[in-house]
Amino acid sequence: MLTESDATGGWTLHEHPPQGVMLTRQMYRRQLTVWQEGSLLWFAVDSGTKTLRWGRRSTAAAAKAAAEKAARPTLTTD
């Protein structure tokens, strides 16, 4: 289960019954969320209108790092 000790580096711990405990962070105008289901931790990166990336990791640190990496803006060359 996610705890207050996981809420470091700009992450905030929230309790959302019945979903459970979630970590959230705003980064690059995106909403990052980490939550636990069973033994896996899931992450999602949302813009204002859609989910940009999601996945699962085995630890809270890995899920937070994956969400932060996925939230980074990408350079496009047109």
Side-chain angles (χ1 to χ4, degrees):
M1 177 178 218
L2 295 169
T3 64
E4 193 68 39
S5 64
D6 296 315
T8 58
W11 290 85
T12 306
L13 187 72
H14 299 278
E15 289 196 37
H16 292 283
Q19 294 93 354
V21 179
M22 297 179 164
L23 294 172
T24 61
R25 181 175 183 189
Q26 289 282 356
M27 186 177 190
Y28 303 114
R29 289 190 235 162
R30 293 177 168 100
Q31 175 71 32
L32 288 62
T33 308
V34 172
W35 70 97
Q36 187 168 6
E37 287 183 12
S39 62
L40 293 175
L41 288 121
W42 291 81
F43 72 90
V45 178
D46 299 315
S47 70
T49 57
K50 64 181 180 175
T51 299
L52 302 173
R53 176 103 190 223
W54 62 272
R56 62 181 177 246
R57 298 292 186 270
S58 59
T59 66
K64 290 177 4 184
E68 290 169 351
K69 183 177 179 182
R72 292 183 196 142
T74 57
L75 297 176
T76 58
T77 55
D78 295 36

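Being a predicted model, the structure only gives us computed values, none of them experimental.
- A continuous path of Ile, Leu, Val, Met, Phe, Trp and Tyr side chains, each step under 4.5 Å between heavy atoms, connects V34 with M1, placing both in one hydrophobic cluster.
- When every heavy atom of A67 is checked against every heavy atom of V45, the shortest pair comes out as O-CG2, 3.5 Å.
- With sequence neighbours excluded, no residue forms a side chain to side chain donor-acceptor pair (under 3.5 Å) with T33.
- Follow the hydrophobic side-chain contacts under 4.5 Å out from M27 and you reach W11 in the same cluster.
- Sorted by first and then second residue, the salt bridge (charged side-chain N to carboxylate O under 4.0 Å, His left out) pairs with a member in residues 16-25 read R25-E68; sequence neighbours excluded.
- Nearest heavy atoms, F43 versus A63: CB-O, 3.8 Å.
- With sequence neighbours left out, the side chain to side chain donor-acceptor pair (under 3.5 Å) criterion links R30 to no other residue.
- In this structure, M22 is a member of the same hydrophobic cluster as L40, with clusters built from ILVMFWY side-chain heavy atoms closer than 4.5 Å.
- One hydrophobic cluster holds both L13 and L32 under the rule that ILVMFWY side chains link at heavy-atom gaps under 4.5 Å.
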Derivation of the side chain to side chain contact (heavy atoms under 4.5 Å, CB included) call for K64 and L41: CA-CA 9 Å; K64 290 177 4 184; L41 288 121; over 6 Å; no
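- Qualifying side chain to side chain donor-acceptor pair (under 3.5 Å) partners for S5, counting only residues two or more places apart in sequence or in other chains: T3.
- The side-chain contact (heavy atoms from CB on, under 4.5 Å) check on A61 picks up T59, with sequence neighbours excluded.
- Residue pairs that meet the salt bridge (charged side-chain N to carboxylate O under 4.0 Å, His left out) test with at least one member in residues 1-16, sequence neighbours left out, do not exist here.
- Applying the side chain to side chain donor-acceptor pair (under 3.5 Å) criterion to E37, with sequence neighbours excluded, gives W35.
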Please output the side-chain donor-acceptor pairs of residues 47-54 that fall under 3.5 Å, not counting sequence neighbours, one pair per line with the distance.
residue, atom, partner, partner atom, Å
S47, OG, T49, N, 3.4
S47, OG, K50, N, 3.3
S47, OG, K50, O, 3.3
T51, OG1, D46, OD1, 2.7

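- For T12, the side-chain contact (heavy atoms from CB on, under 4.5 Å) partners two or more places apart in sequence, or in a different chain, are H14, T24.
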